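Report on one structure; see the data block that follows.
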Amino acid sequence: MEFNHQSIEAKWRKHWVENNTYKVSNDNQDKPKFYVLDMFPYPSGAGLHVGHPLGYIASDIYARFKRLEGFNVLHPMGFDAFGLPAEEYALQTGIHPSKSTSDNIVQYRAQLANLGFSFDWSREVVTCEPKYYKWTQWIFTLLYANYFDQNTNKAESISSLVETFAQSGNSTVKAATTFEDTFTAAEWNAKSEIEKQDILSHYRLAFRQVGYVNWCEALGTVLANDQVIDGVSERGGHPVEQKAMTQWYLRITAYADRLLYGLDNLEWSDALKAMQTNWIGRSEGASLRFDVEGSDQQVEVFTTRPDTIYGATYIVLAPEHDLVDQLTSPEQKTEVEEYVKSVKMRSEIERMAEKQVSGVFIGAYATNPFTNKKMPIWIGEYVLAGYGTGAIMAVPSDDERDNIFATKFGLEIVDVVDKSKYPNASLADKVGFMINSEDLNGLEVKDAITEVCKQVEERKIGKAKINYKMRDANFGRQRYWGEPIPVSYDKDGLVTTLPLENLPLELPDTSDFKPSGDGKSPLARIDSFVNVDGGLTRETDTMPAVAGSSWYFLRYMDPNNDEAFASESALNYWQDVDLYVGGAEHAVSHLLYSRFWNKFLFDKGYLPKEEPFKKLINQGMIQGVIESIYLLREKKDGDYHFMCAAMVEKLGIEDAVPLPVHVSFVSDYGTKKSHLNIAGFKSFIKWRPEYENAIFECSKGVFHKGRWSKKGDSEDSLMLTKSEIGKMSKRYYNVINPDDVIAEHGADVFRMYEMFLGPIEQSKPWDINSISGVSKFLKKYWAMFFKEETFALSDDEPTKEELKIFHGTIKKVRHDIERFSFNTCVSAFMEGVNNLRKINCDKRAILEPFTVLLAPFAPFVTEELWQLMGKQGSVHMSQYPKFEEKYLVEDSISYPISINGKKRALHDFPAGTAKDVLEKEALELEVVKKWTEGKEIKKIIVVPNKMINIVVAG
RNA sequence: GCCCUGGUGGUGGAAUUGGUAGACACGCAGGACUUAAAAUCCUGUGGCCUUUGGGCCGUGCGGGUUCAAGUCCCGCCCGGGGCACCA
């Protein structure tokens, strides 16, 4: 008897909702907690495709497993609902982002429900709802009211900083700041409020500053660095330029060290940790100041190789460096100006593509404080304005780029490191002995670095310094669909943040989403929003998409709290996320911001844990197969001419363009035999009517104007398509909707199949062809409960053999779930069921707990069987079976016997046979004698329960 | 260039600490049932040789350690991802 997956699924979906089966309580605090989180989706109009659920299925299996093990499991879902796509859609269609977003959320919820996830929907978080973003705004104001104290190594309040300034100035303050001057208490107290606030903004964790930003004219907004790919916007591929604007920033660099060292204690993949480490980009070195001849200016450089100071023969500034104008000599002025102009005109892509060294001498000299030699000052575009101090001391002997530059322009090269003792070392290894460096001579590089740093500090010409690649995070977007920044300005530009009782600052309604083009958001046009009582004006920038996702995992703990972002008791109970599953595309944006916000809230005493995500799994992507047919460039008798992929290849035709076709027309999709048949041609023509009269030619025949004329006597009518692996995207017409697969095969089969495809972290192309294996498995399992159409189980005691198979399966599945190897769990189920069926197992004592074992993977079918077995309550709230070793004990062990490491025989010995008996008996076996005859036996290795190896001479 | 990954049959992939390579599936071939097909079930399936006992080769390539290497070490090659004039 077969089961009807559609009616079973509909029944239990409804039942689970009506009975709040998956609702989690914060009052169960006597139970141990476990928090399993998915990265919440952005609800795009395209809906979910088969790639999205991969991670959700894995986390759901794990959550269900932990629940059955007796944990109180928090497994929530929500939506990251603010962001550019909804606004772009609104610009094109006039549909309000709140409307399209909520429509999309409805679709997403339905698709997720089809998959049978055990989310507690009563905890749903939607980032664009005022009751949620009230707290996003509040955290922002909290960041504004704090600075990072490097003495305590944590965030401290600005008011305490103001007190310190008033009492003792800033000389004792060690903080993450861009303010470099010192002042006394008297000087501070004499400053005006505007001056004071200006200084404080250099300390605040949320602050405004003028900076170069990635301005995208086409989108009318500023983009974060990670939203710019190869000089164009990540969304839409529009050009991006550098523009000076006053912007809100978050001082994430204050937490650079804690973000870096915090990685050590996280169970994240090495790949992901490496990505964050690279992004933070910590490098130790020194900053050094060089006097400039005939000027009171100094050039400050950052170097990781202060030891090579005796080899520093010239200076290079970035073309945008502040001192360029001041230091350029009159003779060099024209050349320098032309160079700077040419650099600015070229886009970043052009600059990178060239890879050529270029630069100009500016006609000024600095002095090397160690050699006292003159160092010509150059500008060159290989020196970046945004890194370090925007200036370098060039050491052509020990830096490859400096070397190329010096060689090209004939600058002096002095060898200062003898690397002859390290013939295989690269420059990056920083090894060797100092030469030509006076008192440093003979020192190892490492020691020389320490020595130079010491001397430099003594002579007050620099200091040891740590530099980071990571920049402070731009936090303003000139767009409508985001959280308003809860700030207003008075007529002097002084900032007021909205207090908690006035939050949320709601996003006003409008129907005009066009960017203003002058760099302001559409909010700037809404007078009632901009003008506040008391002559204040509001900030009109909104927060970036990453704001809402930086703390949503905390809100799930207590989602409807209106007094706090979450109650203290909820935070103390749920603590942190035990398992986080999501895509690697968020490796540096979302995952870094979340860690930053979490650390900040921890510093302020709101959270019990410093790191938000203990264990992280990155699921791989499910790729699509792009199916194309070849369109020849030349028409045939005025009609479009398509040709079979095999013919194009065979004939070596180059004048053919692959045209992606909708994969639903393609038969044997994704295989080598993928093709269009007559029905396929007809669907294609209906889909693209401009090809109504096109000729479709392949080796078997020709399809033209609705008729198939065969060549020769072939009965086949198929046109092979070209298959390549790529993204699943609307653009390639290859999106597979999970709803369709579920309708055909069922949600349980879909879930197990996605898990069966391979390791969760690996990317793989979608291939529906082997889904039949999983489908057959579930049918077989179901059939074990029936005899001739009626449900029937035996209440007899299980046999030793049955228990052995069952406990073997428990052992394997438990072990593999714990290491997130879900594909091998599915294999283990198949093996277990195959073996139990072989011995016609129909015992309740086996099949009942086996159903619980399977429940996390196939929640619908197991729930139905649970009910058929007459059990009360849900199978998902029962208990996971325990594995007992005693059932696995073997009577005899099959030993492989090797001669010189090569397996030659297999022989059964009773379990527990002593080593010396094994040796003796093995040697007496006929098969063994054949190999040992007349040879000296040098050694016998016996590994109990594993193998026997006999080593013979010759 | 740097960092991180991965490379195993026709295909997806298995293989705790080094200990029977290819589990589990798909596909393919043959068979049963059927008027036929679908579905289902059974058997075989890494390659080569073979006197049908078995033998030789085999986890990207070349070396090495070991009684024993897909697994460890050294040197390469190729695919995927990230960063990239980062001083």
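These numbers come from a predicted model, not from an experiment.
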Q.
Taking any heavy-atom pair under 4.0 Å as a contact, classify A:S772: base, sugar-phosphate, or nothing.
A. sugar-phosphate
Q) Does A:E936 pair with A:K938 as a salt bridge, N-O distance under 4.0 Å? A) no
Run the side-chain donor-acceptor check on residues 815-823 of chain A: report pairs under 3.5 Å with partners two or more places apart or on a different chain.
{"from": "A:D816", "atom 1": "OD1", "to": "A:R819", "atom 2": "NE", "distance (Å)": "3.0"}
{"from": "A:D816", "atom 1": "OD1", "to": "A:R819", "atom 2": "NH2", "distance (Å)": "3.2"}
{"from": "A:D816", "atom 1": "OD2", "to": "A:K812", "atom 2": "NZ", "distance (Å)": "3.0"}
{"from": "A:D816", "atom 1": "OD2", "to": "A:T824", "atom 2": "OG1", "distance (Å)": "2.7"}
{"from": "A:E818", "atom 1": "OE1", "to": "A:Y62", "atom 2": "OH", "distance (Å)": "2.9"}
{"from": "A:S821", "atom 1": "OG", "to": "A:N823", "atom 2": "OD1", "distance (Å)": "3.4"}
{"from": "A:S821", "atom 1": "OG", "to": "A:T824", "atom 2": "OG1", "distance (Å)": "2.5"}

Q) What closest approach, in Å, do A:K408 and A:V357 show between heavy atoms, and which atom pair accounts for it? A) NZ-O, 2.9 Å
(Q) Taking B:U50 as the reference, what is the distance to B:C57 when you measure between their C1' atoms (whole Å, please)? (A) 14 Å
Q: For the side chain of A:E381, starting at C-beta, report the closest nucleotide among B:C85, B:A87, B:C24.
A: B:C85
**Q.** Parallel, tilted or perpendicular: ring planes of A:H807 versus A:F883, cut at 30 and 60 degrees
**A.** tilted
Q. Any side-chain donor-acceptor pair under 3.5 Å between A:Y387 and A:S283?
A. yes
(Q) Both A:L757 and A:R305 contact RNA chain B. Which one's nearest nucleotide lies toward the 5' end? (A) A:L757
Q.
Can a side-chain donor-acceptor contact be found between A:E300 and A:T389 if the only test is distance below 3.5 angstrom?
A. no
Q. With sequence neighbours left out, what residues match A:F806 under ring pair (Phe, Tyr, Trp, His ring centres under 6.0 Å)?
A. A:F850
**Q.** Between P of B:C86 and CD1 of A:I280, the distance in whole Å
**A.** 19 Å
Q) Just checking A:Y895: base, sugar-phosphate only, or nothing, at a heavy-atom cut-off of under 4.0 Å? A) nothing
Q | Nearest-angstrom distance from the residue atom CG of A:N403 to P of B:C85 | A | 19 Å
Q. Checking A:R595 against A:W268: charged group under 6.0 Å from the ring centre and within 45 degrees of the axis?
A. yes
Q: Give a yes-or-no answer on whether the side chains of A:K780 and A:N834 include a donor-acceptor pair shorter than 3.5 Å.
A: yes
**Q.** salt bridge (charged side-chain N to carboxylate O under 4.0 Å, His left out): pairs with one or both residues in residues 893-904 of chain A, sequence neighbours excluded
**A.** none
Q.
Taking the P atom in each of B:C73 and B:C4, what is the distance between them to the nearest angstrom?
A. 14 Å
Q: Using a 4.0 Å heavy-atom cut-off across all strands, classify A:P759 as base, sugar-phosphate, or nothing.
A: sugar-phosphate
Q: Measure centre to centre between the rings of A:F3 and A:H5, then say whether the value is under 6.0 Å.
A: no
Q: Go ahead and write out RNA chain B as dot-bracket, 5' to 3': ( ) for pairs within the strand, [ ] for ones crossing earlier pairs, | when the partner sits on another strand, dots for unpaired; Watson-Crick or G-U wobble, both distances under 3.5 Å.
A: (((((((..(((......[....)))((((((.......))))))((((....))))..(((((..]....))))))))))))....
Q: If the glycosidic angle is within 90 degrees of 0 it's syn, otherwise anti, so just tell me which one B:G70 is.
A: anti
Q: Kindly assign one of parallel, tilted or perpendicular to the pair A:Y310 and A:F370, based on the angle between their ring planes and the thresholds 30° and 60°.
A: perpendicular
Q. Do the side-chain N or O atoms of A:N834 get closer than 4.0 angstrom to the phosphate oxygens (OP1, OP2) of B:A25?
A. yes
Atom pairs, N/O to N/O, protein against nucleotides 63-70 of chain B, distance under 3.5 Å?
{"from": "B:C67", "atom 1": "O2'", "to": "A:N949", "atom 2": "ND2", "distance (Å)": "3.1"}
{"from": "B:C67", "atom 1": "O2", "to": "A:N949", "atom 2": "ND2", "distance (Å)": "2.7"}

Q. Quick one: the side chain of A:K946 and the base of B:U17, do they pair up donor-acceptor inside 3.5 Å?
A. yes
Q. When you check the glycosidic angle of B:G81, does it come out syn, meaning within 90° of 0, or anti?
A. anti
Q: Indicate, with a heavy-atom threshold strictly under 4.0 Å, whether A:S827 touches base, sugar-phosphate, or nothing.
A: base
Q) Which atoms form the tightest heavy-atom contact between A:I315 and A:M393, and what is the distance? A) CD1-CA, 4.3 Å
(Q) Without decimals, in angstroms, what is the distance between A:F822 CZ and B:A23 C1'? (A) 19 Å
Q: In whole angstrom, give the distance that lies between atom NZ of A:K903 and atom C1' of B:C56.
A: 15 Å
**Q.** d(CG, A:N618; P, B:G81) in whole Å
**A.** 15 Å
Q) Near RNA chain B, under 4.0 Å by heavy atom, which residues of residues 462-470 of chain A? A) A:K469
Q.
Looking only at the side chain of A:S770 (C-beta and beyond, no hydrogens), which of the listed nucleotides B:C26, B:A87, B:U16 gets closest?
A. B:C26
Q.
Just N and O in the side chain of A:K902: are any of them under 4.0 Å from OP1 or OP2 of B:C56?
A. no
**Q.** Pairing residues for A:Y382 by the ring pair (Phe, Tyr, Trp, His ring centres under 6.0 Å) criterion, not counting sequence neighbours
**A.** A:F405
Q. With a non-hydrogen cut-off below 4.0 angstrom, is A:K776 in contact with a base, only sugar-phosphate, or nothing?
A. sugar-phosphate
Do any N or O atoms of the protein come closer than 3.5 Å to N or O atoms of nucleotides 47-54 of chain B, and which pairs are they?
none

Q | Non-neighbouring partners of A:H745 that pass ring pair (Phe, Tyr, Trp, His ring centres under 6.0 Å), sequence neighbours left out | A | none
Q. Rounded to whole angstroms, how far apart are CZ on A:R401 and C1' on B:A84?
A. 11 Å
(Q) Donor-acceptor check, side chain of A:Q276 to backbone of A:A587, threshold 3.5 angstrom: yes or no? (A) yes
N/O to N/O distances under 3.5 Å, protein versus nucleotides 1-6 of chain B:
{"from": "B:C4", "atom 1": "O2'", "to": "A:A271", "atom 2": "N", "distance (Å)": "3.4"}

Q) Heavy atoms under 4.0 Å, any strand shown: does A:K780 hit a base, just sugar-phosphate, or nothing? A) sugar-phosphate
(Q) Can you identify which nucleotide, out of B:A23, B:U20, B:A25, has its nearest atom closest to the A:L906 side chain? (A) B:U20
(Q) Could you work out, with ring pair (Phe, Tyr, Trp, His ring centres under 6.0 Å) as the rule, every residue matching A:Y339, not counting sequence neighbours? (A) none
Q: Please name all residues satisfying side chain to side chain donor-acceptor pair (under 3.5 Å) with A:S763, sequence neighbours left out, ordered by chain then number.
A: none
Q: Find the distance A:M375:CE to B:A87:P and express it as a whole number of Å.
A: 18 Å
Q: Output the single nucleotide from B:C86, B:A14, B:G12 whose closest atom is nearest the side chain of A:N823.
A: B:A14
Q | Nearest heavy atoms of A:E381 and A:S358, plus distance in Å | A | OE2-OG, 3.1 Å
Q. Once you round it to whole Å, what is the distance between C1' of B:A39 and NE2 of A:H745?
A. 15 Å
Q.
Let's see if you can work this out: which of B:A15, B:G13, B:G19 has an atom nearest to the side-chain heavy atoms of A:K764?
A. B:G13
